[in-house]
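Below: one structure, written as structure tokens.
Below, chain A is the first sequence line, B the second, and so on; all start at residue 1.
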Amino acid sequence: MSSESSTLVHDWPGRYHHIDQVLNTPGPRTDPGFLAGDGVKDFLRNKAKILVIGAGGLGCEILANLALTGFKDIHVIDMDTIDISNLNRQFLFRQKDVGKPKATVAAQFIMNRVPGVKVTPYFGKIQDKDDDYYLQFDLVICGLDSVEARRWMNATLVNLVDPEKPDSLKPMIDGGTEGFKGQARVILPTITSCYECSLDMLNKPTAFPICTIANTPRLPEHCIEWASVLEWPRVHGDKKMDTDDPDHIGWLYKVAAARAAEFKIEGVTWSLTQGVVKNIIPAIASTNAIIAGTDGVYSYTFEHEKRDDCPVCGGEAVDMTINSDTTVEQLIEILIEKQDIQIKKPSLSTSTKQIYLQAPPQLEQATRPNLEKKVSELVPPGGEITVTASTLPFSLSLRISYEA
Amino acid sequence: MSTVEATTTALVTESAPDNKTRRYDRQLRLWAASGQSALENARILVVSGGATATSILKNLVLPGVGHFTILDPLPVTPEDAGNNFFLDGLNSVGKSRAEEGVRLLLEMNDGVDGKADTRSLEEVLDTPGGKEWLGEFTLVIAVNLEKGPLERLAAVLWEEESFPPLVVVRPAGFLAEFYIQYHEHTVIESHPETAQSLQIDRPFPALLDYAMSLDFENMDVTDHGHVPYVVILVRVLEEWKKTHDGLPPQNAAEKVQFKKNILAMRKKPDEENFEEAEAQAYRAWTKTVVPSETRALFDDAKVISPSSVEAPFYKLVRALKKFVEGSGALPLTSTLPDMKASTSAYIDLQKLYKTRAEEEKEVFRGCLSEACGGDIKAIGEDMIDAFVKNSHALKLLRGKRWAALDEDHEALVLATQTSSKQLAVHLALSALSNFLAKSKTSGQTLSAEALTAEAQKLLPDGTELPEEFEDCVGEVVRSPTAELPNTAALLGGLVAQEAIKMITRQYVPINGYCIVDLVETWTGIL
Ligand SMILES: [Zn+2]
């Protein structure tokens, strides 16, 4: 095979002894579409191009496993730099790498350790890349820690699908961990349910009511939130809080501890302060490779339903019934609260007019008076509202009806 | 300087965390300093230095295990260099697999001590003092060992209860299993999902007095909306009992009425604390009980008959039994969940619970002192604290010798009915191991028929192989010696995680076989 000659330099005899056992012959349960033998090995080693998003805990595992499996052309995107707290699990990084870009260091490490593998890093955001970039890959694997980035990637891959071009369908594997727990799923854009379809399954992040924080703190967490949400902007004005800056954490800790002492609340520590303001999720090396529970070992596989009214892959408008007295501002609050929508700063419009736009400032100002108006004055029963947000690469259609 | 800052500088003493704390921050949130210290004092022996073995070790070196030894006499082959991330490609071929593995694993964490031992397991077992050498490890992990040496190792480590637990790991392609051999494993800090009871159905005197002393009728409206639900429930329950022969609500109708009584106390329709009390009303009629698992501990033979060499766990359980006999319940929790309340009402209630919990702990210490013959210093305050806090979730696991299942005909027949999927994988892997041991001399070639015959021998006469066996054996026949990178990574995670649970004595490890099938993506326990 001539196509193999360039990479075969590194493929010493016996190199793939282990993996070849499952590539040379099909097993009793392999998919009938799996054609064992040279074809699949050639595709895997010489043709496949894989994109890994995230070079954190999961990303390091994924990169090493892909390389050992025989993939030779791997790309990795990550916008973060290495922090000392990554070193307990992100095994491609060392103390000397702290401060350097994760994508670059991870790529270099893999290339040094596994001969003949080309890993192309990109130190930046997934949003920097356009459709043509994503179209070049055969598979996208996500090891991300942010819901926002997952939604963006998911929507982008669904939008990429052109029914005329089968190659435009890019399978996405999405993984995530939390402490001893983890999950992974395969998304075939437009065919299976997508990430957006199951958004309502996410746990809501703990949010403390502002009145508790301001008036009736009871837990050390309430004091820490007070320090970061209310005291920081009051004392420091526009200066942005950097949760990675030990001086900033130190300030928050002291302020929180003082408030706790004032209210006789125990338990404010440096570690808790950091945990609350950074919304830290515990993480260890072992979980990044597995799905395991804390009580023995436990795993569970299930199929998600594709939602017809999924704003990304469904195509149908979401039906929403509101009171005829509901104002635009109240509708926005409902949208922010809704677990299956989760939009932080929604802008609303109909096909003919703008109802409320969050940006730019001139339009925000121009549409602000609408906030107090009743939705029923602006949208007829059965009318549709388009909801957009700058963080999401898609819009959501709401079909509005009114309670009697 | 603002007033806030001025008052705080004098008050706070904790300074920014050091580098080690920062490095381990994310895991300290899971097992705290006590777990970390146990991990750092642990000594792990891993027998064989293949891809699965280094993958397991990676997940123990990163979180900072104290010491590990790789025992492996073999040189690196080109096949090893292709699938093991802790080898340096062709540069490692011909060198010692143990030495190369140790060198590259240690690069990840300079706080860890590692040693390569190029003897074979047989050599160790045949050497005088070999047994004692093995006994000095905290945990032994054996990966892909041949049947003969594995059985010897398992037998030696089973001889004494004080010998380390043995983790046996067997991968073949997409299938794998691992087993932990231990006599017993006790867990105080099991990290249960359920909290300790607030004992609202049997309020302690100070709580009852406090709840009865409140003048709800004439209370300030703001205060009224901030009385914690615990206090409301205690009050409503006490009033209820006065008119119901001293009993809490007994049936659905009474429970509805009880909830109505709570809501009837509201001064305004939107008092959230009363809504919370209604939602939590079940706590008033749910009897505080000692969990059946804890009760079973009280009757355990080792608890009933003290021994001079027993672990502190048994003394603590004996003391707990005594405590429960006296008070009728487990020690009261000192942790109050958050609830709608003003700061002062919440802090007052918290203080009531803390004070009472402290008093009950004193009573418990008395019981413990009796159980220890006066000297409780050996047990230590931290352990007593942890024990009292976790007294509702104590775990005692009794394990079995490696391969005990294979000799237990009754259990095997039962497993064909209840866990056929898991048993099928186990039988296929056991058949492979038996076959490989024999084929060394017989020269027979591996086939589905040969493995099926081996597996059938493992079952009692007349018992049919599970339906799923055919698929499993097909999988094993095509990849009998494959250590796939993904399977190795998954096992590396699973085994390391169970090892950490064993070492830290936190969380609950498996008791039996963990079976892995990566074709269908499931894990199960057999
Ligand atoms: Zn969808």
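- Taking a cutoff of 4.0 Å between a charged side-chain nitrogen and a carboxylate oxygen, D11(A) and K41(A) do not qualify as a salt bridge.
- Using a 4.5 Å cut-off between heavy atoms, D348(B) does not touch chain A at all.
- Looking at L349(B) and M339(B), their side chains come closer than 4.5 Å, going by heavy atoms from C-beta outward.
- Between E475(B) and P28(A), some side-chain heavy-atom pair lies under the 4.5 Å cut-off.
- For the residue pair Y24(B)/Q36(B), the side-chain donor-acceptor check at 3.5 Å is not satisfied.
- In this structure the side chain of D223(B) never reaches within 4.5 angstrom of the side chain of S342(B), judged on heavy atoms.
- Residue contact with chain B, scored on non-hydrogen atoms closer than 4.5 Å, is absent for N24(A).
- Looking at Q506(B), neither its backbone nor its side chain comes within 4.5 Å of chain A, counting heavy atoms on both sides.
- With a 4.5 angstrom heavy-atom cutoff, R94(A) touches chain B only via side-chain atoms.
- Among the candidates C472(B), P17(B), A345(B), the residue making the largest number of heavy-atom pairs closer than 4.5 Å to chain A is P17(B).
- Both the sub-6.0 Å distance and the 45° axial angle are not jointly satisfied by R29(A) relative to the ring of F174(B).
- In this structure, the side chain of D20(A) does not engage the main chain of L23(A) through any donor-acceptor pair within 3.5 Å.
- E231(A) and R234(A) are joined by a salt bridge, as a carboxylate oxygen and a charged side-chain nitrogen come within less than 4.0 angstrom of each other.
- For E221(A), no part lies under 4.5 angstrom from a heavy atom of chain B.
- Within a 6.0 Å radius of CD in E467(B), no more than 12 heavy atoms belonging to other residues, nucleotides or ligands are found.
- Between F85(B) and F109(A), the two ring planes are parallel [angle under 30°; tilted spans 30° to 60°].
- Of the two parts of A341(B), the backbone and the side chain both hold a non-hydrogen atom closer than 4.5 Å to a non-hydrogen atom of chain A.
- For a residue to count as touching a neighbouring chain, one of its non-hydrogen atoms must lie under 4.5 Å from one of that chain's; by this rule L60(B) does not touch chain A.
- Interface residue D25(B): only side-chain heavy atoms are found under 4.5 Å from chain A.
- Using a 4.5 Å cut-off between heavy atoms, K20(B) makes no contact with chain A at all.
- Of the two parts of N511(B), neither the backbone nor the side chain holds a non-hydrogen atom closer than 4.5 Å to a non-hydrogen atom of chain A.
- No part of Y16(A) comes within reach of chain B, as not one of its non-hydrogen atoms sits under 4.5 angstrom from that chain.
- You'll find the side chain of L336(B) reaches within 4.5 Å of the side chain of Y346(B), heavy atoms only.
- Proximity to chain B is absent for every atom of L66(A), based on heavy atoms less than 4.5 angstrom apart.
- Of all the listed residues (R22(B), E107(B), E79(B)), the one sharing the greatest number of non-hydrogen pairs under 4.5 Å with chain A is E79(B).
- Between chain A and the residues A488(B), A81(B), G89(B), the largest count of heavy-atom pairs under 4.5 Å involves A81(B).
- Highest contact tally toward chain A, considering only D517(B), V516(B), N91(B), D88(B), is held by D517(B) [criterion: heavy-atom pairs under 4.5 Å].
- The contact between F86(B) and chain A is made by backbone and side chain atoms together, counting heavy-atom distances below 4.5 Å.
- Heavy atoms of T30(A) lying under 4.5 Å from chain B belong exclusively to its side chain.
- Under the 30°/60° scheme for interplanar angles, the aromatic rings of Y513(B) and Y179(B) are found to be tilted.
- Among G474(B), G173(B), P78(B), the residue with the largest count of heavy-atom pairs under 4.5 Å with chain A is P78(B).
- Neither the backbone nor the side chain of P192(B) comes within less than 4.5 Å of any heavy atom in chain A.
- Per-residue heavy-atom pair counts under 4.5 Å with chain B were compared for H17(A), Q21(A), H222(A), and the maximum is reached by Q21(A).
- Only the side chain of Q95(A) has a heavy atom closer than 4.5 Å to any heavy atom of chain B.
- Looking at E61(A) and R89(A), no side-chain N of the basic residue comes within less than 4.0 Å of a carboxylate O on the acidic one, giving no salt bridge.
- Counting heavy-atom pairs under 4.5 Å between each of L104(B), D80(B), I500(B), N109(B) and chain A puts L104(B) at the top.
- A donor-acceptor pair under 3.5 Å is formed between the side chain of S190(B) and the backbone N or O of A393(B).
- Neither the backbone nor the side chain of I249(A) comes within contact range of chain B; no heavy atoms are under 4.5 Å apart.
- Using a 4.0 Å cut-off between a side-chain N of Lys or Arg and a carboxylate O of Asp or Glu, K96(A) and D110(B) do not qualify as a salt bridge.
- In this structure, chain B has a heavy atom under 4.5 Å from the side chain of V114(A), while its backbone stays farther away.
- For N86(A), no part lies near chain B; criterion is any non-hydrogen pair under 4.5 Å.
- Ranked by heavy-atom pairs under 4.5 Å with chain B, the list S271(A), G70(A), A67(A) is led by S271(A).
- Between Q183(A) and D174(A), the closest side-chain pair of non-hydrogen atoms falls below 4.5 Å.
- Listed options G250(A), P13(A), P209(A), P217(A) were ranked by heavy-atom pairs under 4.5 angstrom with chain B; first place goes to P217(A).
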